[in-house]
J.: 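I'd like to ask some things about the structure below.
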Amino acid sequence: MSQTPTHVPLQLRALLLFALVQSSCAAGVNDCARLEVFCVGLVTDTGGLHDHGLTQSAWDQLERAQAGHVAQITAYVESVDPRDYAKNLEYFARRHYDVVLSAGAGFRDETLFAADRYPATIFVGLDQPPDPAHPNYVAVTFHEDQAGFLAGYLAARMTRTGIVAAVCETAGIPSNWRACEGFRAGAAYADPDVQVLITYRENGSQEDLFRDDVWGRAAALESIAAGADVIFGVGGGTGQGALVAAAERGVAALGSEQDQFQVTRAAQAVLLTSFVKNADPAIPMLLSALINGGAHQSEYSGSIAIAPFQDRGLRVPQPVQTNLIQLASDLSRNIVTTGIPPQAP
C-alpha cells in the first residue's frame, strides 16, 4: 500500500484510508495485528505531507522501508486542524499499527496522551522533546544550532555591508533559540568582524506562535534599515514573513526548517538556500532496531540538509558552496562544534 488520497475532508480521508488498508489485506497483506506484519503510520500536522521539509522526508523514509520490505504496511493521514491530532493518532493505534509517527512540535501533548492510552504501540514524536516517563515514546530531535551555524557562515560570506540578521520566533522555544544563536556563532566563525543582529518575537500573542508573518516582516525591515543585507528567517510563518521583507528590499534571504524556495514563493527572487530538517538517519535506525528485536533508544537525531542553491539574480559562488557543504560534514562529525548548549543559560 502506498498513501491516502489528499485534498478530501478528514472523515472521508479516514474512510478511504481504512478501505485501502483493508483491500491490501484482502489482496494478501496480512492484518497489522499479526506479529509477522510490521505496520507504520504517519500523522501530519496542518502543513500536510508535501511540506518540503521534515514531514515529507519522514514519508520518504517510510516508503523506502516498505520498498525494502522492512515494513509491510505504511500509511498516512493529513490533519486539517490541530483538533484532529488526537483522533488521527488513535486511528492507527486502534488498528494495531506497530509504530505511529507524529510530525511537528505542536503534536507533543497529543502524542504523549496516545502513548499512555496505547502502551503496545511505539509513538514517535518528530521534532518533539524526549520524555523518559513514556517507554513507548521515541523523540526525533535535531541540532538546530548546526542549521543556524551554517546559515550564519553563509550570511557572513555573502554580506557586502558587514551586517547580517536573523529574525526568530520566541527564544522561549529551545529549538528556535539554538538556531538563532547558532547563526550568531556561525557568522563569527566565518568572520569575527561581521555584525550580527538577532531579533526574537517576545511578548507576542500565543495564538500567533509560528505564524506571525506580520511581525516577522516588520522585524526584518528594521534590520534591513539598520544595514543588514542577509536575512535568516526562523520559526514557521514568523520566519517566512522576514523572507518576504527581504524580497521587498532586494536583500539576500536564508530559509529554515523547510525548503522555503518551494514554500515561500514571494521570496524566491532573493532566497539563496534553506537549512532543512531531515528524518534520515533517525527513522531507518529506529525501524531497524524494532524489526530486529533489539532495544530501541528513547531519542534519535535527525539530520540537517542544505536545500538546493538557487540562482535567481543572487548567487552563492561555487567556492562558498563547496566550503559550506564541507562545513556541514565537519559539524555532523563533530570536527567543528557550534558551542551552543541545548537550552539558553
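Position 1 is the first residue of the sequence; numbering continues from there. Since the model is a prediction, treat every value here as computed from it, not as a measurement.
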J.: Write down the atom of I224, the atom of A245, and the distance for their closest heavy-atom approach.
T.: CD1-O, 4.0 Å

J.: Working note: Q66 + E63, criterion side chain to side chain contact (heavy atoms under 4.5 Å, CB included); need CA distance, chi angles, decisive distance, verdict.
T.: CA-CA 5 Å; Q66 186 175 20; E63 287 192 307; 5.8 Å; no

J.: So which atom in D280 and which in S303 form the shortest heavy-atom distance, rounded to 0.1 Å?
T.: O-OG, 2.5 Å

J.: Could you check whether any side-chain heavy atom of V37 comes within less than 4.5 Å of a side-chain heavy atom of D31, counting everything from C-beta outward?
T.: no

J.: Using a 4.5 Å cut-off between side-chain heavy atoms of Ile, Leu, Val, Met, Phe, Trp and Tyr, which other residues end up in the same hydrophobic cluster as V244?
T.: none

J.: Does either side chain, that of D330 or that of Q326, offer a donor lying less than 3.5 Å from an acceptor on the other one?
T.: yes

J.: Against Y97, only a single residue in F123, Y118, F92 fulfils ring pair (Phe, Tyr, Trp, His ring centres under 6.0 Å); can you say which?
T.: F92

J.: Within this structure, what is the NE2-OG1 distance for the pair H143 and T338, rounded to the nearest 0.5 Å?
T.: 9.0 Å

J.: Applying salt bridge (charged side-chain N to carboxylate O under 4.0 Å, His left out), run through E90 and K87 and close with a yes or a no.
T.: CA-CA 5 Å; E90 185 175 280; K87 71 178 75 172; over 6 Å; no

J.: For I291 versus V70, what's the shortest heavy-atom pair and its separation?
T.: CD1-O, 3.2 Å

J.: For the CD atom on E207, are there more than 12 heavy atoms of other groups (residues, nucleotides or ligands in this structure) within a distance under 6.0 Å?
T.: no

J.: Taking side chain to side chain donor-acceptor pair (under 3.5 Å) as the definition, give me every residue that meets it alongside S175, ordered by chain and number, with sequence neighbours left out.
T.: none

J.: With the 4.5 Å side-chain cut-off for hydrophobic clustering, are L49 and L62 part of the same group?
T.: yes

J.: Is there a side-chain contact between T44 and D51 in this structure, where contact means two heavy atoms from C-beta onward sitting under 4.5 Å apart?
T.: no

J.: Could you tell me whether the side chain of L331 reaches within less than 4.5 Å of the side chain of F149, counting heavy atoms only?
T.: yes

J.: Mind jotting down which residue pairs meet the disulfide bond (SG atoms under 2.5 Å apart) criterion with at least one end in residues 164-214? Sequence neighbours excluded, please.
T.: C168-C180

J.: Roughly how far, to the nearest 0.5 Å, is the CD atom of E202 from the OG1 atom of T170?
T.: 3.5 Å

J.: How would you list, by chain and number, every residue that makes a side chain to side chain donor-acceptor pair (under 3.5 Å) with S102, sequence neighbours excluded?
T.: T111, Q128

J.: Among residues two or more places apart or on two chains, list those pairs meeting side-chain hydrogen bond (donor to acceptor under 3.5 Å, both in side chains) that have a residue in residues 228-242.
T.: T159-D229, T161-D229, E169-T238, Q240-Q260

J.: What class does the angle between the rings of F232 and F275 fall in, given that below 30° is parallel, 30 to 60° is tilted and above 60° is perpendicular?
T.: perpendicular

J.: Testing the basics here: between M158 and P317, what is the closest heavy-atom pair and its distance to 0.1 Å?
T.: SD-CD, 3.7 Å

J.: Can you list the residues that meet the salt bridge (charged side-chain N to carboxylate O under 4.0 Å, His left out) rule with D116, with sequence neighbours excluded?
T.: none

J.: How about T141 and E299: does a side-chain donor come under 3.5 Å of a side-chain acceptor?
T.: yes

